[in-house]
Amino acid sequence: MADLAAPAQLSPDDPRSAYMALVRRRRMYSGLTLLIFAVLFVGGFMVADARNAGGFWDGWHNMLDFPADVAEEAWAQRAEMPSLLWRYLPALIETLNIAALATLIGFFGGMALSLVSTRGLAPWPRLIPVFRRIMDILRAFPEIVVALVLIFMLGSGPVPAMIAIALHTAGALGKLYSEVNENADLKPVEGLHSVGARWGQRMAFGVIPQVAPNYLSYGLLRFEINIRASAILGFVGAGGIGYELRNSMTFGQGKFDEAAAIFLLLFLTIVAVDQLSSVWRNRLTYGTGVAG
Amino acid sequence: MTDATADAPIDRRRAEAVARIGARRRFALAIPAAILAYLVYVFFAFDIPGLAERVRLDNAATLVADSYSHKVHVTRDNRSGEVTVAKEGERRATYPQELEPDWVARGDTVRVELEDGHAVILGAENTATYLHPEFGPIEAQASRAGGVQIDIAEADLPDWISYSSSRLDIRTDAGRLTMTRSRTEVHRYFFGWELFWFTLDSPYYNRSLTEIAFGEQLDPARPNLVGAWQDFWNNGIWRHGDVAWAMAETILMAFLGTFGAAMVALPLAFIAAKNFTPLRLVRGVARRVFDFLRGVDALIWTIVLSRAFGPGPLTGALAILFTDTGSFGKIFSEALENVDGKQIEGVASTGARPVQRYRFGVLPQVMPVLLSQVLYFFESNTRSATVIGAITGGGIGLLITQAIITQKDWEEVTYYIILIVVTVMLMDWLSGVLRRRLIKGDGG
């Protein structure tokens, strides 16, 4: 231990042993970190396994039972499938609308929050920490909590879910956008300032054109995330395809063909949006002449 | 392109420029117009006009009032005539006679002092008198035959009294009196959460911290600090112990799910990366696996897994693991495709075997990026675990949805929300600190 603690007196005649000591110490530290992590992970797993209703080792062979049931029933009723898909399309559109509107509102909210909380751009620099904390809090609230509380006040429907997701999106995008803003070139802003442009004008003509591709790219990514969130919120009572899914799940056997149709719709939508948004985002980041 | 335009006559170039600017202006106008049209569509699709009717402002008022204050019920059973004083009207929070607050005076009649000089007297024969300093006394009586009767003509009733023969409800800022055939109830409101530290049956109830820490021993069986901790932890109303466990379960779900996913995704990412797997077919299979895992949303994974494993933290952890393996696989394989080949060559030139090449040539390059992504996900999964817990039935997500669905314990909902928000912000901070250290390259 003593030679590990004192590599400073690296005897110039023996640099090799000093180096080896350094390496050994570093290995010991990373080994220790790894050991702590492994203990935490295994211990955590055992606790989780003990507190779960069904055990980890017994559950695996049940894992395929439910998908098999669903697939079997859907296959038996396969003639009905197109009409079922058609029937749930409006619910899917509602889910998409919740996500789209929430992304739109969150986009503008996040833009405003990011501009007032970026050093160099903020109109009131003293208030930057305040706006940052507001964004932290908006992000920290799980959507489900906001949605459930709003359902209690506004009645069930798409609006509570939309507000919940929009608030979260504003916080999340605000943080990402303020990181983008920090890299923006301030010269156009200064130029506009010198000709007497107001703050709003400086932002609209000096900053936004620079950051718009990044903004849009993050916004698209968020839209993808929000579709998932809106489906989940539907499951806890906010309307849309998640709500239909819960209904067909509570019916259980006999309605699994409906569950299968919903699974299919949801899966296809998510994959489609995922692919489309990644194509668009690539175009936005690598540019095909659309840049302002 | 520039050569061609330079040769063209100046008028034509001007016309072209004007046309281009015009097109761009029209395009710039088209976006707000499209957004506006969409908003109009959604306005009707979401039935916003009908929302105004569905809004329950009284619900909102209860919620806000409940989240920072509590009420004490003085209840008389109109059949037996027995009067009890209980916080929030809960049986487990009923005051024993000797601990009853001094604003309830028992005698032949029971006099309940409310705020601002208001008072209620619960008299003989199931009568109750609300003494309003400005309006004057209001007398009411409940009887089995006649229901609830009141001494004011119905036409003269102010709007803070709602009355029918089956129920009387007087609400003022000072308190509330309700009377039905079977019971008479007086509510008085207080600031703060009730019995947050100790319940009424604990010897430490209503004692200050210094009294507990330095005062005489309150419970002969236990030292003060130990006893106080036990009574706090096992508080029957707030259930601090269970809540702490639920919060820990939620964090555990996020921890196991995120890091488990990272461990599964890392080897798979090598298979999906172009520069490590030359076989297009194998690569394609790995990528499709990632797409599938991500495409089957966390919601579906949660439902499928909870069928197999039942409710609990393990199910939640596995749901996170399945979804995030897809995301990590994609991110990791992209990072692996960007590694610098020279470093690997260098390691290979010393005669390293493939595993050693990966360990010393590849991992040191990508580790900071990968770990910082994992930490980022860990933080956001703490929040997702709440939602997943609400669906599978585990952790704080279950507690909070239950509390919201009962629609009365809003102070508990507030408590859980504060806990979740504080935990998520802590995770955010922690993962930020770790990520900054990783990127700066502290050792590595």
Side-chain angles (χ1 to χ4, degrees), chain A residues 26 29-30 37 40-41 44-45 47-49 51-56 58-60 62-67 93-94 97-98 100-101 104 136-137 139-145 148-149 151-155 157-159 162 228-229 231-233 235-236 242 245 249 263 266-268 270-271 274, chain B residues 35 38-39 42 45-48 51 54-57 59-60 63 245 249 252-253 255-256 259-260 291 294-300 303-305 307-315 317-318 383-384 386-387 390-391 393-394 397 400-401 404-405 407 413 416-417 420-422 424-425 428 443:
Chain A
R26 191 182 279 174
Y29 281 158
S30 44
F37 172 77
L40 274 177
F41 194 83
F45 171 76
V47 171
D49 194 26
R51 290 180 74 88
N52 212 60
F56 180 74
D58 313 326
W60 284 111
N62 298 331
M63 175 82 195
L64 287 176
D65 287 359
F66 173 63
I93 290 174
E94 184 171 50
N97 272 334
I98 292 173
L101 189 59
L104 199 64
D136 287 348
I137 290 171
R139 264 181 302 130
F141 267 99
E143 287 130 340
I144 195 172
V145 172
L148 285 172
V149 169
I151 286 174
F152 177 63
M153 294 194 287
L154 303 179
V159 178
M162 191 276 292
R228 295 161 189 265
I232 289 188
L233 289 187
F235 199 80
V236 289
L245 180 59
M249 290 297 299
F263 281 155
L266 203 54
F267 179 71
L268 292 178
I270 288 172
V271 171
D274 186 288
Chain B
I35 291 178
Y38 180 69
L39 287 181
V42 171
F46 283 4
D47 190 22
I48 308 280
L51 188 71
R54 277 177 279 135
V55 172
R56 300 281 310 274
L57 281 179
N59 274 354
L63 194 160
W245 255 114
E249 268 185 9
L252 187 63
M253 278 188 230
F255 174 72
L256 290 178
F259 287 94
D291 284 346
R294 268 178 317 129
V296 178
D297 186 37
L299 171 64
I300 303 177
I303 293 171
V304 171
L305 289 165
R307 287 264 165 165
F309 296 98
L314 183 71
T315 312
L318 286 174
R383 209 174 319 107
S384 314
T386 319
V387 181
I391 300 171
I400 198 164
T401 37
I404 290 177
I405 286 165
Q407 302 204 338
V413 175
Y416 300 150
I417 291 178
I420 295 172
V421 169
V422 167
V424 171
M425 286 171 92
D428 190 8

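Nothing here was measured: the structure is a model prediction, and the numbers come from that model. In the text below, chain A, chain B and the rest are named by the order of the sequence lines, each starting its count at 1.
- Residues B:V421 and B:I417 have side chains in contact (heavy-atom distance under 4.5 Å, counting atoms from C-beta outward).
- For A:L148, the parts lying near chain B are the backbone and the side chain together; criterion is any non-hydrogen pair under 4.5 Å.
- Between A:L40 and B:F259 the shortest side-chain heavy-atom distance does not fall below 4.5 Å.
- Contacts between B:L256 and chain A at a heavy-atom distance below 4.5 Å involve backbone atoms as well as side-chain atoms.
- B:I48 touches chain A through its side chain: at least one heavy atom from C-beta onward sits under 4.5 Å away, while N, CA, C and O do not.
- Each of A:L245, A:V271, A:I232 has some count of heavy-atom pairs under 4.5 Å with chain B, and the biggest count is that of A:I232.
- Among A:L64, A:V149, A:L268, the residue making the largest number of heavy-atom pairs under 4.5 Å with chain B is A:V149.
- Here B:D428 is the residue among B:D428, B:D291, B:I420 with the most heavy-atom pairs under 4.5 Å with chain A.
- Between atom CG of residue A:N52 and atom CG of residue B:L305 there is a gap of 10.0 Å, rounded to the nearest 0.5 Å.
- When each of A:I151, A:L104, A:I137, A:L101 is scored by its heavy-atom pairs under 4.5 Å with chain B, the top score falls to A:L101.
- Among the candidates A:N97, A:V145, A:I270, A:L154, the residue making the largest number of heavy-atom pairs closer than 4.5 Å to chain B is A:N97.
- Residue-environment remark: CZ (A:F37) exceeds the threshold of 12 foreign heavy atoms within 6.0 Å.
- Heavy-atom pairs under 4.5 Å with chain A were tallied for B:M425, B:R56, B:R294, B:M253; the largest tally goes to B:R294.
- Contacts of B:V42 with chain A are made by side-chain atoms alone, with heavy-atom separations under 4.5 Å and no backbone atom involved.
- Taking every heavy atom of both residues into account, B:Y38 and A:A100 meet most closely at OH-CB, 3.2 Å.
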For the pair A:R51 and B:W245, evaluate side-chain contact (heavy atoms from CB on, under 4.5 Å) and give the outcome as yes or no after the intermediate values.
-> CA-CA 10 Å; A:R51 290 180 74 88; B:W245 255 114; 3.5 Å; yes
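- Electrostatic pairing of B:R307 and A:D65 does not count as a salt bridge here, judged by no charged N lying under 4.0 Å from a carboxylate O.
- Contacts of B:A317 with chain A are absent, with no heavy-atom separation under 4.5 Å from either backbone or side chain.
- With contacts defined as side-chain heavy-atom distances shorter than 4.5 Å, the pair B:V55/A:M153 does not qualify.
- Between B:V424 and A:A140 the shortest heavy-atom distance is CG1-CA, 3.7 Å.
- Within the 4.5 angstrom heavy-atom criterion, no atom of B:S384 approaches chain A.
- Counting heavy-atom pairs under 4.5 Å between each of A:M63, A:E143, A:M162 and chain B puts A:M63 at the top.
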